[in-house]
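For reference, the structure is listed below as structure tokens.
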Amino acid sequence: MNVVKRLISANSSEILEMNAVELKQSIKASEGRVVLSENVTIREPLVDDITNSEIARAFGADLILLNCFDVLAPKIYGLADESENIITNLRHLIGCPIGVNLEPVDLKAKMSENRLDISKGRQASTETVMQAEKLGFDFICLTGNPGTGVSNQQIVEAIKIAKQNFSGLIIAGKMHGAGVSEAVVDLEATGEFLEAGADIILVPAVGTVPGFDEKQLKEVVKLVHQKDGLVLSAIGTSQEGSDVTTIKSIALKNKICGVDIQHIGDAGYGGVAPVENIYELSKVLRGVRHTVSVMARSINR
């Protein structure tokens, strides 16, 4: 592996040339200062003639995660091209790595709420993982939206499929229950995710899921870092639409616990977090200098 720049200091031309190993190292070298914004693709965006991804990138996001994106029927509101080049085209517009949620639905899971059925193209399977590879995604996130019935055991199986059929980074874990009656965060499950081949473990941010505290997060971080993995903490409980003070509090708590990437969800107007919250998350994690850098740096560099 070549020595790479930390993600928060790299130009788009350098970032987009990174393979999965290099991107992982670049994130690690950024020492907890990486922002990931999750965007819904199936509704009208915040601004009707551009994508939510462009908006999130402009306000400080380093990584973009597409939610509700059907890999078998690719479509992104705000981007006219619906061909197989749609992700290449989006990457050209925003100049940063792009990932997609694929949901490992478990039809046998004990549900805590009514199941929400989702399309085949949003579920994790050999077919959809191979299609994500074909579309050119930089990472996939094996997790579940509310009520979809994603279980930890099914996530393990999906990681194994992804490891065999996808060349990018693999993120795995749950940011909330996803409708299943089981622990959202489990150290044993975390170990199984890593053993199966996950590069990045997703956990709920402290302050978002009842009962998940700093002590538990530090235990996860310690285990994952010992296994050479990274940790992503997620604001995925609609609190991404809270006031700025709440975002600041969550950001600082989770940075203290040692996470490598902080995710901000899509529950704002139009399927992206309020732009002021993306901006404040960035400022808390890395200050004004690096926030301005990511916002102002031309993607043509």
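Taking every heavy atom of both residues into account, Ser53 and Ile64 meet most closely at OG-CG2, 3.3 Å. The two atoms that bring Met175 and Thr237 nearest to each other are O-CG2, 4.3 Å, heavy atoms only. Of all non-hydrogen atoms in Cys257 and Leu217, the two that sit nearest each other are CB-CD2, 3.5 Å. For the pair Glu276 and Val244, the tightest heavy-atom approach, listed with the atom from each and the gap, is CG-CG2, 4.1 Å. Here the closest heavy-atom approach between residue His92 and residue Ile299 is recorded as O-CD1, 3.3 Å. Looking at every heavy atom in both residues, Val4 comes nearest to Met18 through CB-CE, 4.4 Å.
Gln226 places no side-chain N or O within donor-acceptor distance of the main-chain N or O of Val224, the cut-off being under 3.5 Å. In this structure, the side chain of Asp138 engages the main chain of Ile98 through a donor-acceptor pair within 3.5 Å. Ser125 contributes a side-chain N or O that, together with a main-chain N or O of Thr128, makes up a donor-acceptor pair within less than 3.5 Å. A donor-acceptor distance shorter than 3.5 angstrom exists from the side chain of Glu133 to the backbone of Ser167, with no hydrogens or angles considered. At distances below 3.5 Å, not a single donor-acceptor pair connects side-chain atoms of Lys174 with backbone N or O atoms of Ile155. Using a distance-only test at 3.5 Å, with no hydrogens or angles considered, a donor-acceptor pair links the side chain of Thr143 to the main chain of Gly173. For the pair Ser26 (side chain) and Leu7 (backbone), a donor-acceptor distance under 3.5 Å is present. A donor-acceptor pair under 3.5 Å is formed between the side chain of Ser298 and the backbone N or O of Asn300.
By the 4.0 Å N-to-carboxylate-O rule, Lys255 lies too far from Asp260 to be salt-bridged with it. Using a cut-off of 4.0 Å between Lys/Arg side-chain N and Asp/Glu carboxylate O, Arg57 and Glu54 are scored as not salt-bridged. Using a 4.0 Å cut-off between a side-chain N of Lys or Arg and a carboxylate O of Asp or Glu, Glu219 and Lys222 do not qualify as a salt bridge. For the pair Arg301 and Glu14, the salt-bridge criterion is not met [side-chain N within less than 4.0 Å of a carboxylate O]. For Lys218 and Glu214, the salt-bridge test fails: no basic side-chain N is under 4.0 Å from an acidic carboxylate O. With respect to the salt-bridge test (charged N to carboxylate O, under 4.0 angstrom), the residues Lys28 and Asp228 qualify.
Qualifying side chain to side chain contact (heavy atoms under 4.5 Å, CB included) partners for Ile161, counting only residues two or more places apart in sequence or in other chains: Thr126, Val129, Asn165.
Taken from CD in Gln123 to CD1 in Ile118, the straight-line distance is 4.5 Å, to the nearest 0.5 Å. A distance of 8.5 Å separates CZ of Arg91 from CZ of Phe137, quoted to the nearest 0.5 Å. The line from OH of Tyr279 to CD1 of Ile247 is 15.0 Å long, rounded to the nearest 0.5 Å. Rounding to the nearest 0.5 angstrom, the gap separating the CG atom in Leu93 from the CD1 atom in Ile50 is 10.0 Å. Here the CG-CG distance, from Leu285 to Leu252, works out to 8.5 Å after rounding to the nearest 0.5 Å. Between the CD1 atom in Ile235 and the CG atom in Leu281 there is a gap of 5.5 Å [rounded to 0.5 Å].
Between the side chains of Thr246 and Gln239, no donor-acceptor pair is found at a separation under 3.5 Å. No hydrogens or angles considered: nothing links the side chains of Asn39 and Thr41 as a donor-acceptor pair under 3.5 Å. Glu157 and Gln153 share a donor-acceptor pair across their side chains, judged by distance under 3.5 Å alone.
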Would you mind writing out the side-chain donor-acceptor pairs for residues 189-205 within the sub-3.5 Å range, not counting sequence neighbours?
| residue | atom | partner | partner atom | Å |
| --- | --- | --- | --- | --- |
| Thr190 | OG1 | Asp186 | O | 3.0 |
| Asp199 | OD2 | Ile170 | N | 2.9 |

Side-chain donor/acceptor pairs under 3.5 Å, residues 66-74, sequence neighbours excluded:
| residue | atom | partner | partner atom | Å |
| --- | --- | --- | --- | --- |
| Asn67 | OD1 | Asn101 | ND2 | 3.0 |
| Asn67 | OD1 | Asn145 | ND2 | 2.9 |
| Asn67 | ND2 | Glu38 | OE2 | 3.4 |
| Asn67 | ND2 | Asn145 | OD1 | 3.1 |
| Asn67 | ND2 | Asp266 | OD2 | 2.9 |
| Asp70 | OD1 | Leu72 | N | 2.8 |
| Asp70 | OD1 | Ala73 | N | 3.1 |
| Asp70 | OD2 | Ser119 | OG | 2.8 |

Worksheet item: Val150 and Asp106: side-chain contact (heavy atoms from CB on, under 4.5 Å), yes or no, with the steps?
Response: CA-CA 5 Å; Val150 169; Asp106 187 344; over 6 Å; no

Discussion item. The test is side-chain contact (heavy atoms from CB on, under 4.5 Å); show your working for Leu23 and Leu169 and say whether it passes.
Written reply: CA-CA 8 Å; Leu23 179 57; Leu169 291 175; 3.8 Å; yes

Worksheet entry | Stepwise side-chain contact (heavy atoms from CB on, under 4.5 Å) test for Ile171 and Leu230 | CA-CA 9 Å; Ile171 303 174; Leu230 303 179; over 6 Å; no

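Under the 4.5 Å side-chain heavy-atom criterion for ILVMFWY residues, a single connected hydrophobic cluster contains both Val231 and Ile140.
Counting heavy atoms of neighbouring residues, nucleotides and ligands inside a 6.0 Å radius, atom CE of Met295 exceeds 12 of them. A 6.0 Å sphere centred on CD of Glu17 holds no more than 12 heavy atoms belonging to other residues, nucleotides or ligands.
For the pair Lys163 and Phe166, the NZ or CZ position fails the cation-pi test of under 6.0 Å to the six-membered ring centre and within 45 degrees of the ring normal.
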